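Just so you know, these numbers come straight off a predicted model, no measurement behind them.
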Amino acid sequence: VVGLTGGIATGKSSVSNMLKTKGIPVVDADIIARQVVEPGTPALAKITAFFGPEVLQEDGTLDRKKLGSIIFNDEAKRRKLNSIVHPAVRKALLWGVIKQWIGGSKYCIMDVPLLIEGPLWKWVGTVVVVYCSADVQLARLMQRDGSSREDALSRLNSQIPIADKVQYADRVIDNSGSLADLEAHVDLLVQALDRQAGWTWRLTWLLPPWGLCSALVTLGWRTLSRSMKMKIA
């Protein structure tokens with residue numbers, strides 16, 4: 001399982017879309033986050049019970065703008081919303097990964113914006129961070145959203161700096177250049193992941209106990225190596 005993340009306006013979504021066009025299975029947390037609050041879902045029922053029916057639109061779907069205005073300046077309500085949505089998203093992410101394994105995929109991409117903050121990075125075999133310099137990130141955000149420098153900086157400052165996320169990465173995709181450069185980097189990533197998967201992925205698919213043991217060893221080593229890095233730092 002490959003965890004893909006980045007920062008706002010670094011190009012994570014572009015990388016994710018490129019991987020999809022190459023036939024690489026992607027489990028997208030943003031898509032799942034919308035699916036788990038669709039009408040009839042347990043998460044939407046819990047949200048409605050706590051925040052009231054005013055957070056629903058006439059067609060029964062969640063009024064994200066209204067809900068956002070409610071939790072914007074209320075940390076307690078924001079935590080309550082997260083306690084409802086995040087477990088549902090994590091459960092759906094896990095099921096998405098399991099379905100890819102059942103289907104015989106040798107690896108899959110788990111596209112999670114908050115992979116590091118989650119911290120879901122502990123539960124993937126490889127962390128890939130899409131990176132660009134802070135100056136490029138700011139310029140792209142201002143251009144993309146048509147926002148002022150002050151507003152863009154405020155949004156960037158509300159997140160973990162991309163340079164900090166890079167410290168968690170096993171592989172970094174530098175998206176400071178052109179679209180053609182990014183495509184080349186993605187091609188190299190796919191080649192590296194294919195080599196990494198090798199032929200042993202077939203054992204984890206054909207022999208589930210082997211796969212479980214392999215996963216536990218991988219996750220254990222990741223936790224231990226990260227702990228050692230933190231102590232050294």
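- Ser105 places no side-chain N or O within donor-acceptor distance of the main-chain N or O of Cys108, the cut-off being under 3.5 Å.
- Using modelled atom types and a 3.5 Å distance limit, the side chains of Thr126 and Gln196 yield a donor-acceptor pair.
- Listed by first then second residue, pairs satisfying side chain to side chain donor-acceptor pair (under 3.5 Å) with a partner in residues 129-142 number zero, not counting sequence neighbours.
- Separation of atoms CG (Leu153) and CG (Leu141) is listed at 9.0 Å; rounding is to 0.5 Å.
- More than 12 heavy atoms of other residues, nucleotides or ligands lie within 6.0 Å of CZ in Arg144, so this atom counts as buried by the packing criterion.
- Counting non-hydrogen atoms of neighbouring residues, nucleotides and ligands closer than 6.0 angstrom, the CD atom of Gln143 reaches no more than 12 such neighbours.
- Residue pairs meeting the side chain to side chain donor-acceptor pair (under 3.5 Å) criterion with at least one partner in residues 2-13, sequence neighbours excluded, are Lys12-Asp111.
- Counting only distance, with no hydrogens or angles, the side chain of Lys77 and the backbone of Ile71 share no donor-acceptor pair below 3.5 Å.
- In the hydrophobic clustering, where aliphatic and aromatic side chains (Ile, Leu, Val, Met, Phe, Trp, Tyr) are joined below 4.5 Å either directly or transitively, Val128 groups with Val2, Leu4, Val15, Met18, Leu19, Ile24, Val26, Tyr107, Ile109, Val130, Ile173, Leu179, Leu182, Val186, Leu189, Val190, Leu193.
- Counting only distance, with no hydrogens or angles, the side chain of Asn82 and the backbone of Arg79 share no donor-acceptor pair below 3.5 Å.
- Donor-acceptor pairing under 3.5 Å is lacking for the side chains of Asp151 and Ser154.
- Distance alone, capped at 3.5 Å, places no donor-acceptor pair between the Asp145 side chain and the Ser147 backbone.
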